[in-house]
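Below is one structure; the comments refer to it alone.
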Amino acid sequence: MTSLHIFRKVAVAEGISYLLLLFIAMPLKYLADIPLAVKYTGWAHGLLFVGYAACLVMAWQETKWKFSKAVLIFVASLLPFAPFFVDKKLKDEEPQAD
């Protein structure tokens, strides 16, 4: 299993956690007065974000991407839905198992 494969899986999980935080946990906190939704979802998202950054560095070293590409992929983690587009693009770069 390559670091690119691991990164893609972490990126999707991070993207899902970000969407859950933005569109479920935050409305629950501010509209339904349930702050624990943000506490736990935010905690999980924070761990996944750190994992995203660490796996990005490992994949960057393994694939020998340009610095600008690694920065663009990192910035994608800050935008809702962008990690899914990154995953789709990186799927073509991943070597296929026989």
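Since this is a predicted model, take the numbers as computed values, not measurements.
Sorted by first and then second residue, the pairs that involve residues 13-40 and meet side-chain hydrogen bond (donor to acceptor under 3.5 Å, both in side chains), not counting sequence neighbours, are Ser17-His45. Note on residues 74-89: pairs passing salt bridge (charged side-chain N to carboxylate O under 4.0 Å, His left out), not counting sequence neighbours, are Arg8-Asp87.
Contacts of Thr2 classified as side-chain hydrogen bond (donor to acceptor under 3.5 Å, both in side chains), with partners at least two apart in sequence or in another chain: none. For Thr41, the side-chain hydrogen bond (donor to acceptor under 3.5 Å, both in side chains) test picks out no residue, with sequence neighbours left out. Considering only residues two or more places apart in sequence or on other chains, Trp65 meets the ring-ring contact (aromatic ring centres under 6.0 Å, His included) condition with none of them.
One hydrophobic cluster holds both Leu20 and Leu22 under the rule that ILVMFWY side chains link at heavy-atom gaps under 4.5 Å. Cluster annotation: Val12 and Phe85 are assigned to the same hydrophobic cluster (Ile/Leu/Val/Met/Phe/Trp/Tyr, side-chain heavy-atom contacts under 4.5 Å, transitive). Residue Leu19 is grouped with residue Ile34 when hydrophobic side chains (ILVMFWY) are merged at heavy-atom distances under 4.5 angstrom, including chains of intermediate members. Under the 4.5 Å side-chain heavy-atom criterion for Ile, Leu, Val, Met, Phe, Trp and Tyr, Leu56 and Phe67 are members of the same hydrophobic cluster.
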Run the side-chain donor-acceptor check on residues 69-83: report pairs under 3.5 Å with partners two or more places apart or on a different chain.
{"from": "Lys69", "atom 1": "NZ", "to": "Glu93", "atom 2": "OE1", "distance (Å)": "3.4"}
{"from": "Lys69", "atom 1": "NZ", "to": "Glu93", "atom 2": "OE2", "distance (Å)": "2.2"}
{"from": "Ser77", "atom 1": "OG", "to": "Phe74", "atom 2": "O", "distance (Å)": "2.6"}

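For the residue pair Ser3 and Ala59, the shortest heavy atom distance occurs at OG-CA, 3.4 Å. Leu90 and Leu4 make their closest contact through CD1-CD1, 4.0 Å (heavy atoms, listed as atom of the first residue, atom of the second, distance). The minimum heavy-atom distance linking Cys55 with Ile6 is given by the pair SG-CG2, 3.9 Å.
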Begin from the C-alpha positions of Trp60 and Phe7 and carry the test side-chain contact (heavy atoms from CB on, under 4.5 Å) through to its verdict. CA-CA 10 Å; Trp60 175 28; Phe7 172 71; over 6 Å; no
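Here the CG-CG distance, from Leu21 to Leu48, works out to 11.0 Å after rounding to the nearest 0.5 Å. Considering CD of Glu62 and NE2 of His5, their distance stands at 12.0 Å, rounded to 0.5 Å.
Connectivity analysis of hydrophobic side chains (ILVMFWY, heavy atoms under 4.5 Å, direct or indirect) links Leu47 to Trp43.
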